[in-house]
A.B. asks: 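One structure follows; several queries about it will come next.
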Amino acid sequence: MRKVIYFMSMSLDGYIEGPDGDIGWHQVDDELHRAFNERLAAMGGFLHGRVVHELMADFWPTADQDPANAGTMAEFAVIWRDMPKYVYSRTLQRADWNTTVFHDVVPEEVMALKEQPGGDLALGGAGLAASFAALGLIDEYWVYVHPVLIGRGRPMFPLTDTRTPLRLAGTGAFGNGVVELRYERAEKPSAR
């Protein structure tokens, strides 16, 4: 069965974006972008909310047509265009670029997606991830910690009263100082 993987970059102090949606602090060089491309190309689909999807759809469909975006950026444009996308939105009725729209996060629908053949499903966006986490639908967390403190912004993990035990599945480090942390959900201990 496919997994849902929350795949996100964050600052060392836990933010995915700064004030006013600023992501200019991301340190995505060619080495890191190659790693992202490799991991995301193996996925079976992208799960996003409307805002993330519209941001992606405003840039990636034609990004490889601009010579300034050669190399890893052009490679990702092809990955993004070809990848099945699942957008969760209560207002969006349809979307282009190989996209299916869902109006709510329904566990049975997510399980049906997980049961389809193909690669795992990359989940992006803190709001949507919070909805998935509240329903116990995230199998793994792939966090890319950037070596910067931004002080405030949108946190990767919203406040919650739920504890989710995790087990370290892997780590990596990149020349630009970004650290990759991969965690999987730990099985709940059995009652004795």
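All figures in this text were calculated on a predicted structure; none of them were measured in a lab.
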A.B. asks: Hydrophobic clustering (ILVMFWY, side-chain heavy atoms < 4.5 Å, transitive) - are M156 and L135 grouped together?
C.D. replies: yes
A.B. asks: Ignoring hydrogens and geometry beyond distance, is a side-chain donor-acceptor pair present between W142 and E140 at under 3.5 Å?
C.D. replies: yes
A.B. asks: State plainly whether one hydrophobic cluster holds both L128 and V143, where clusters connect Ile, Leu, Val, Met, Phe, Trp and Tyr through side-chain heavy atoms under 4.5 angstrom apart.
C.D. replies: yes
A.B. asks: Would you say L32 ends up clustered with M73 if hydrophobic residues are merged whenever their side chains have heavy atoms under 4.5 Å apart, either directly or through other cluster members?
C.D. replies: yes
A.B. asks: In terms of side-chain geometry, is the basic nitrogen of E54 or R50 positioned less than 4.0 Å from the acidic oxygen of its partner?
C.D. replies: yes
A.B. asks: How about L92 and V87: do any of their side-chain heavy atoms sit closer than 4.5 Å?
C.D. replies: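 SC-SC contact between L92 and V87 confirmed.
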A.B. asks: How long is the gap from CD1 on I23 to CZ on R154, to the nearest 0.5 Å?
C.D. replies: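 Output value for this atom pair is 13.0 Å.
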A.B. asks: Once you round to the nearest 0.5 Å, how far does CD of E38 lie from CD of E75?
C.D. replies: 11.0 Å
A.B. asks: Is there a side-chain contact between N98 and M83, using heavy atoms and a 4.5 Å cut-off?
C.D. replies: no
A.B. asks: Please check if V52 and Y86 belong to a single hydrophobic cluster, counting links between Ile, Leu, Val, Met, Phe, Trp and Tyr side chain heavy atoms closer than 4.5 Å.
C.D. replies: no
A.B. asks: CG/L149 to CG/D13 distance, rounded to the nearest 0.5 angstrom?
C.D. replies: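 If I round to the nearest 0.5 Å, the distance is 5.0 Å.
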A.B. asks: Is it true that the side chains of T72 and N37 contain a donor and an acceptor less than 3.5 Å apart?
C.D. replies: no
A.B. asks: Tell me, please, which residues at least two apart from T99 pass side chain to side chain donor-acceptor pair (under 3.5 Å).
C.D. replies: none
A.B. asks: Which atoms form the tightest heavy-atom contact between A126 and Y6, and what is the distance?
C.D. replies: CA-OH, 3.4 Å
A.B. asks: In this structure, would I5 and I79 fall into the same cluster of hydrophobic residues linked by side-chain contacts under 4.5 Å?
C.D. replies: yes
A.B. asks: Could you tell me whether the side chain of D64 and the main chain of N69 form a donor-acceptor pair under 3.5 Å?
C.D. replies: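 No, the answer is negative, given that no donor and acceptor are paired below the 3.5 Å cut-off.
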A.B. asks: Does the distance from a Lys or Arg side-chain N to an Asp or Glu carboxylate O, for R94 and D96, drop under 4.0 Å?
C.D. replies: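 D96 and R94: salt-bridged.
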A.B. asks: Taking the ring centre of each residue, are Y88 and F132 less than 6.0 Å apart?
C.D. replies: yes
A.B. asks: State yes or no: are the ring centers of Y141 and Y183 separated by less than 6.0 Å?
C.D. replies: no
A.B. asks: Side-chain polar contacts of residues 108-121 - donor-acceptor pairs under 3.5 angstrom, sequence neighbours left out - could you list them?
C.D. replies:
| residue | atom | partner | partner atom | Å |
| --- | --- | --- | --- | --- |
| K114 | NZ | D139 | OD1 | 3.2 |
| K114 | NZ | D139 | OD2 | 2.8 |
| D120 | OD1 | K3 | N | 2.8 |

A.B. asks: Do V51 and L55 have side chains that approach each other closer than 4.5 Å (heavy atoms only, starting at C-beta)?
C.D. replies: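 Heavy-atom side-chain distance check passes, below 4.5 Å.
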A.B. asks: Please report the closest heavy-atom contact between A77 and A63, naming both atoms and the distance.
C.D. replies: CB-CB, 4.0 Å
A.B. asks: Enter the distance from M8:CE to F157:CZ here, rounded to the nearest 0.5 Å.
C.D. replies: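 Rounded to the nearest 0.5 Å, the CE-CZ separation comes out at 9.0 Å.
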A.B. asks: Can you check whether G45's main-chain N or O pairs, donor with acceptor, with R2's side chain at less than 3.5 Å?
C.D. replies: no
A.B. asks: CZ/F102 to CZ/R90 distance, rounded to the nearest 0.5 angstrom?
C.D. replies: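 Separation between the atoms: 14.5 Å.
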A.B. asks: Whether the side chain of D22 engages the backbone of G24 through a donor-acceptor N/O pair (distance < 3.5 Å, no angle test) should be reported.
C.D. replies: yes
A.B. asks: So P155 and I16, do their side chains get closer than 4.5 Å, heavy atoms only?
C.D. replies: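 No, every pair of side-chain atoms sits at 4.5 Å or beyond.
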A.B. asks: Could you tell me if the ring centre of F46 sits under 6.0 Å from that of F7?
C.D. replies: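 Not under 6.0 Å, so no.
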A.B. asks: Nearest 0.5 Å, please: how far is CG in L47 from OG in S131?
C.D. replies: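 Going from the OG atom of S131 to the CG atom of L47 covers 12.0 Å.
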A.B. asks: Enumerate, atom names and distances included, each donor-acceptor pair closer than 3.5 Å involving a side-chain atom of residues 165-174, sequence neighbours excluded.
C.D. replies:
| residue | atom | partner | partner atom | Å |
| --- | --- | --- | --- | --- |
| R167 | NE | E184 | OE2 | 3.1 |
| R167 | NH2 | E184 | OE2 | 3.4 |

A.B. asks: Without swapping roles, check the side chain of N176 against the backbone of Q27 for a donor-acceptor pair under 3.5 Å.
C.D. replies: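 Judged by distance alone, yes, a pair lies under 3.5 Å.
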A.B. asks: On a heavy-atom basis, which atom in S89 and which in V101 lie closest, and how many Å separate them?
C.D. replies: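 Result for this residue pair: O-CG1, 4.3 Å.
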A.B. asks: Looking only at heavy atoms, which two atoms of V148 and S11 are closest? And how far apart?
C.D. replies: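 For V148 versus S11, the nearest heavy atoms are O-CB, 3.3 Å.
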A.B. asks: Report yes or no: do H146 and S9 form a side-chain donor-acceptor pair below 3.5 Å?
C.D. replies: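 The answer is yes; a qualifying pair exists.
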A.B. asks: Please examine the side chains of Y144 and M10, heavy atoms only from C-beta on, and report whether any two atoms are closer than 4.5 Å.
C.D. replies: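 A side-chain contact is absent here, since even the closest heavy-atom pair is not under 4.5 Å.
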A.B. asks: Can you see which heavy atom on K85 is nearest to which on W80, and at what distance?
C.D. replies: NZ-O, 2.5 Å
A.B. asks: Any side-chain heavy atom of H103 sitting closer than 4.5 Å to one from Q93?
C.D. replies: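 They are in contact (side-chain heavy atoms under 4.5 Å apart), so the answer is yes.
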A.B. asks: Would a 4.5 Å heavy-atom cut-off, applied to side chains only, mark F76 and H33 as touching?
C.D. replies: yes
A.B. asks: Quick check: closest heavy atoms across A95 and H53, and the distance to 0.1 Å?
C.D. replies: CB-NE2, 3.8 Å
